[in-house]
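The structure appears below as structure tokens.
First the proteins, then the strands, lettered A, B, ... as listed; each starts at 1.
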Amino acid sequence: MELELKLNKRNAIVKEIKREGNLLTVSVDDVIYEVDIVKVRNHEFSILYKGKSINIEVVESKEPKHFNVKNSHARYEIEVIDNEARYRQNRMQAGPTQGDNTIRSPMPGKVVKVYVKPGDHVEAGQPLIVLSAMKMESEFKAGSKGIVREVPVKEGDTVDNNQLMVVIDGEELES
Amino acid sequence: MELELKLNKRNAIVKEIKREGNLLTVSVDDVIYEVDIVKVRNHEFSILYKGKSINIEVVESKEPKHFNVKNSHARYEIEVIDNEARYRQNRMQAGPTQGDNTIRSPMPGKVVKVYVKPGDHVEAGQPLIVLSAMKMESEFKAGSKGIVREVPVKEGDTVDNNQLMVVIDGEELES
Amino acid sequence: MEQKPIKKVLIANRGEIAVRIMRTCREMGIKTVAIFSDADRLSMHVKYADEAYNIGAAPSSESYLNMDKVLATAKKSGADAIHPGYGFLSENATFSRRCRESGITFIGPSPESIETMGDKISARKKMISAGVPVVPGTTDKVTNEAEAIRQIKEIGLPVMIKASAGGGGRGMRLVHKDSEVTHLLRAARSEAKTAFGDDAVYIEKYVDSPHHVEFQVLSDRHGNTVHLFERECSVQRRHQKVVEETPSPLLTPEVRAKMGACAVAAANACNYEGAGTIEFIMDDQLNFYFLEMNTRLQVEHPITELVVGVDLVKEQIRIAEGKALTIKQDELTQNGHAIECRIIAEDTDNNFMPNPGTITHITEPLGLGVRCDGYVYEGYTIPIHYDSLISKLIVWGPTREEAIERMSRALAEYKIVGVKTTIRFLERIMENTDFRSGKYNTHFIEKNLAFLLADNQENANEEDIALIATFAEYLFRLEDSKKTTVASTGKKETNWKRQLRKFTSRI
Amino acid sequence: MEQKPIKKVLIANRGEIAVRIMRTCREMGIKTVAIFSDADRLSMHVKYADEAYNIGAAPSSESYLNMDKVLATAKKSGADAIHPGYGFLSENATFSRRCRESGITFIGPSPESIETMGDKISARKKMISAGVPVVPGTTDKVTNEAEAIRQIKEIGLPVMIKASAGGGGRGMRLVHKDSEVTHLLRAARSEAKTAFGDDAVYIEKYVDSPHHVEFQVLSDRHGNTVHLFERECSVQRRHQKVVEETPSPLLTPEVRAKMGACAVAAANACNYEGAGTIEFIMDDQLNFYFLEMNTRLQVEHPITELVVGVDLVKEQIRIAEGKALTIKQDELTQNGHAIECRIIAEDTDNNFMPNPGTITHITEPLGLGVRCDGYVYEGYTIPIHYDSLISKLIVWGPTREEAIERMSRALAEYKIVGVKTTIRFLERIMENTDFRSGKYNTHFIEKNLAFLLADNQENANEEDIALIATFAEYLFRLEDSKKTTVASTGKKETNWKRQLRKFTSRI
């Protein structure tokens, strides 16, 4: 198998060369690695590479095919670039993304204030909604000018992680 | 739902009377209990009964429909008596059980010695097999007189928990 | 005096502190009663207690802060005492009074002590009369310019001018130089006038590069008070303590003795009973000033326990029973060094946003000199309604250096998956030279923020290894998905299975 | 003398002790190398180490005991020292010698010390010449009856007569009364003659109701030796220690001082270097006799660490580096009380059969004064090949009583699902009056077995609650099974799902 993975600005090709039990030989771009790799539990890998014992946590993030990867002292966000991702990337390059004008909750919380309703004109930077979690309040602002299309939450609602809170129509409509 | 449960010599009938969210009302024989019961994780229940906070561990044992149940200071072995179990119980009362002459491993281990082979006549108490686990050896003896029918393990084998090691034919054949 | 043994304690709190208090009760053979809101049925303190009662809806105001319900539950359960923990009702004089009126022992100070120390002005006056240094400044408001300038001269620069009616930073000016005095004073008064319709001001000495050093005290009702030395709490972010240690790397034995005497005097001045903390602000020259008194157990009390060898909750209970302290001041010593790190559910990379959610995995650090006071467990969902403190990691070592090394080791062992935490941020604090040298004040985090947020990248290979692990994750999931076909799905399907299905359906 | 700093240590061990040693190495900034057998790829020590190398098949003889492979791995990894832990190669003089010959620092004593103390006869003679009391008895074998009777008189009853060529209990007689001497001596000699063709015997004082008390020592190569007081290890089952505590509830300060001096003399007599333990047997009158010396770290070393405040592994490493001890005997004190309980994977209800298997859940106890040195984790399968010790739970308290209460509390918090363990058995020990009063000897478990195996049943309601929980388990499973239909199953299916399916297919 071969896979394109994106880490910051780097797009790396990882290719399986050989696999025998725990021993996996792969190339990462031009470098060949032979590692002893075992999945300890859902999120945890134990890797032995040239004798070094490395523990790596691989957790899928909110975004599909994005992984938060941690070793003992560094963190990486790695994206799997497959055909679907490439298609999405191309679409995003084609025009302004609809995502810019969508406010989603970055964490579970309670909606304590909603400043706008569908049909309102908003300017960039205008406060839209206030979310409270763990005794801290966070205000969310419009990313750019537009018209509020949808506010699927109301004051007092409890929202989940990554839940849609406000949609603003900019120049183009969501497809 | 109604269930017959066996705890030592007691056969108790537990019957669901009402259930609303975590609140479960049941009768145990003639006594009615209202409990707040939640399954915390696979093996763990949290029960509030008349204010008392009780943590109970319910783990299925090797035997089908037998549960090892623990609270903070006592252990119980509880068996679900359903039609299948009743059928089994009746059969067992009808004649000597085949199980008496079957040696199974009580734990994972390594077979270090096999004293018998199929066809051997054995006396009650005669050593059949030695299992080693965690630096301790345990010897298993014949429960009664008979003829060795099967020894599906050999020296050096690793056995799992509850794995069949020796079968001895007594007066009757296994059905 | 009357002694009243405590047999059953209601803990009017939740989270790690409720569990910590119950641990000591269990060791003392005292029964424990938990109270819980609708959001906390599966919280650790409910499972840990001997008894547990629901007292209302998730918001604190409808449950943990509802005095009527708390007191009614104490009555119903037959609890003879209430331990308030920290936060919630712990520094509420009314609650202390209502406990007394209900015949329930409040494990904490009298309402009178709480009231005296809870009001900043009255506390300041008490301290002055007890001979405890306070931040130099005007005791009453100043309404004319000449008097203000005279006061500023007397206090000495730098000073902070604060609008008497003020708040939120308006009408406030920091004065560093003589030449600025008149100009800034007028600016402050004018802004105050506009904002609050009142140009009266207070003037206070401004403590530059301040250190936050606090002293633990214990007082019984028989007139005995001891202090259990200091805690250095200068590692703060937005006035929230992040790391605490004892002994303070700053104090000399002489200053320690002077501050300890002041702490005892402060407690005695308000007829204190129980465990309390005198907070001081200190400058680089080790001048110290009374800041406030916390009339309750502190979050960071465990570092004192490890270095002094005293169970503070046990002492609180003994004092509340009316017993005399058995601890003598001259028998107390500081043995070794202790550090506490607060493990908080927040996203340090995203402006320290709180990060509630479900713990999918937790491995707590173990071994010599490591104590972990937490309350979350695998599968537990941290509610959005309460504090974001997940646990406190406390280590002890014979020296400060060894304690820091041990803390680094323990933080590296600490694994929490499912919510973002401050663990890595704390690891970076332990690696920071300012922290390691012990030369830091309350500006520490602000000053070192870039360092603290950065990763400690070792070499390029590691990036490749991370890529390989991700590759393997993708590969293994793909293989699993080929082996399994889920025909229909039910509630019992594990998260892992559900994610797997979502994931593979996208491939 | 030469000092050689240690930068990288190979730990020639596995399980909890390997992890415990690595923790200290990490705190000292020393790199660690793990070795592992085929059965241990996922063992905690492999994950904890900086480097890890496979050294062979599962049986110890082919891996952890294979000196060639261990030494070759040390060379390959560039380790400059080897820590043997306990068990395996830790008391192997040949291994200590081969390390020395390979230029690798052996963190432990010289081969000569190991040899001297490893041979019972030579150790006994060394002790006698060093003035350390040994169990009174004949130094050489006795071949005639008159001489035997003379010796028995000299030693004093009760005595044990043992066949010189013997073993397995044959030719052994315990003599209590004068009137039995001749009769039992003849019986022993006759049986010895028949069994071994040799009627020579040894005679030893029989220590009735014996206590096992041991002293920890540290010796450097500069001639300094200190003892770190005693550990009481009389709670044993089949000569395996189960619970250890310090201080011993038995010793007086005078006897403690005398034993400590003997322990130091014993270590000096064999030119000891490193951490070692002198084991004594003691009778109810506090007469004590040298039993043997363990020339390595003990399983129960943590209780000493908690009470004396010293990291013994750190001291071992410093001594091996050639540094002089910085600890002075007269600065050492026993601070408070510590107890260790060994958590073992065995079925106490089924003749203490070992119980390897997969840990499906683990919750370790936390909080003030609790230390847990373990190595298993959720999802880990304990191999059948090695020791059944899962972890050691160690508590500290200011007094013995408080330590016992804390241990009870901690044991109650300790949850392990998937394998049977000694946790409940240990809880019962903490509840036992003989143990609580401190009046116990090595017969303790045997004497109290019925109590220790019994449950502590409170009332009839509890039985009903257990029935209700089982009912709910059945009910919830049934409901889940109705919601889910698994069409095909793959490898990734969780245990829970698989069990559910097996279970419901039977309904």
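Comment: Arg19(B) engages Glu479(D) in a salt bridge, judged by a side-chain N to carboxylate O separation of less than 4.0 angstrom. Salt-bridge annotation for Glu473(D) and Lys39(B): present, with a side-chain N of the basic residue lying under 4.0 Å from a carboxylate O of the acidic one.
Scanning both residues, Pro356(D) and Met107(B), for their nearest heavy atoms gives CD-CB, 4.1 Å.
The candidate with the highest count of non-hydrogen atom pairs below 4.5 Å against chain D, out of Asn71(B), Asp160(B), Asn68(B), is Asn71(B). Each of Asn355(D), Val417(D), Asp347(D) has some count of heavy-atom pairs under 4.5 Å with chain B, and the biggest count is that of Val417(D). For the options Asn83(B), Thr158(B), Ile78(B), Val58(B), heavy-atom pairs under 4.5 Å to chain D are most numerous at Ile78(B). With respect to chain D, the highest number of heavy-atom pairs below 4.5 Å among Ile54(B), Val14(B), Asn55(B) belongs to Val14(B).
Side-chain contact between Met1(B) and Leu475(D) is present, with heavy atoms from C-beta onward closer than 4.5 Å. Residues Leu7(B) and Leu467(D) form a side-chain contact, since some pair of their non-hydrogen atoms from C-beta on lies under 4.5 Å apart. Residues Arg75(B) and Asp349(D) form a side-chain contact, since some pair of their non-hydrogen atoms from C-beta on lies under 4.5 Å apart.
Below 4.5 Å, heavy atoms of chain D meet heavy atoms from Ala133(B), Met134(B), Lys135(B), Met136(B), all part of residues 128-137 of chain B. Of residues 372-383 of chain D, those residues with a non-hydrogen atom less than 4.5 Å from any non-hydrogen atom of chain B are, in numerical order, Ile382(D), Pro383(D).
Contacts of Ser72(B) with chain D are made by backbone atoms alone, with heavy-atom separations under 4.5 Å and no side-chain atom involved. For chain B, the nearby parts of Ala469(D) are the backbone and the side chain; heavy atoms of each come within less than 4.5 Å. Contact annotation for Val69(B): only side-chain heavy atoms (C-beta onward) come within less than 4.5 Å of a heavy atom of chain D. For Asn161(B), no part lies near chain D; criterion is any non-hydrogen pair under 4.5 Å.
Separation of atoms CD1 (Ile384(D)) and NZ (Lys110(B)) is listed at 7.0 Å; rounding is to 0.5 Å. With rounding to the nearest 0.5 angstrom, the CD atom of Glu57(B) is 7.0 Å from the NZ atom of Lys415(D). With rounding to the nearest 0.5 angstrom, the OH atom of Tyr33(B) is 3.0 Å from the CG atom of Asp464(D). In this structure, CD1 on Ile465(D) lies 9.5 Å from NZ on Lys50(B), to the nearest 0.5 angstrom. Between the OG1 atom in Thr470(D) and the CG atom in Leu3(B) there is a gap of 9.0 Å [rounded to 0.5 Å]. Note: Phe471(D) CZ to Phe67(B) CZ = 12.5 Å, rounded to the nearest 0.5 Å.
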Give the C-alpha distance, both sets of side-chain angles, the deciding distance and a yes or no for salt bridge (Lys or Arg N to Asp or Glu O under 4.0 Å) between Glu463(D) and Lys9(B).
-> CA-CA 12 Å; Glu463(D) 206 176 277; Lys9(B) 300 225 150 89; over 6 Å; no
Derivation and outcome, side-chain contact (heavy atoms from CB on, under 4.5 Å), residues Asp82(B) and Tyr474(D) | CA-CA 11 Å; Asp82(B) 55 9; Tyr474(D) 191 91; 3.8 Å; yes
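Inspection of the Glu427(D) and His73(B) side chains reveals no N or O donor paired with an N or O acceptor under 3.5 Å. Side-chain contact annotation: Asp455(D) with Tyr76(B), donor-acceptor N/O pair under 3.5 Å absent.
By the side chain to side chain donor-acceptor pair (under 3.5 Å) test, Glu91(D) is found to be paired with Thr295(D), Arg296(D), residues two or more places apart in sequence or in another chain being considered.
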Pairs of donor and acceptor atoms involving the side chains of residues 23-32 of chain B, under 3.5 Å and at least two apart or interchain, shall be tabulated with distances.
from     : atom 1 : to       : atom 2 : distance (Å)
Asp29(B) : OD1    : Ile13(B) : N      : 2.8
Asp29(B) : OD2    : Arg10(B) : NH2    : 3.3

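Counted within 6.0 Å of CD on Glu20(B), heavy atoms from surrounding residues, nucleotides or ligands total 12 or fewer; the atom is thus considered open.
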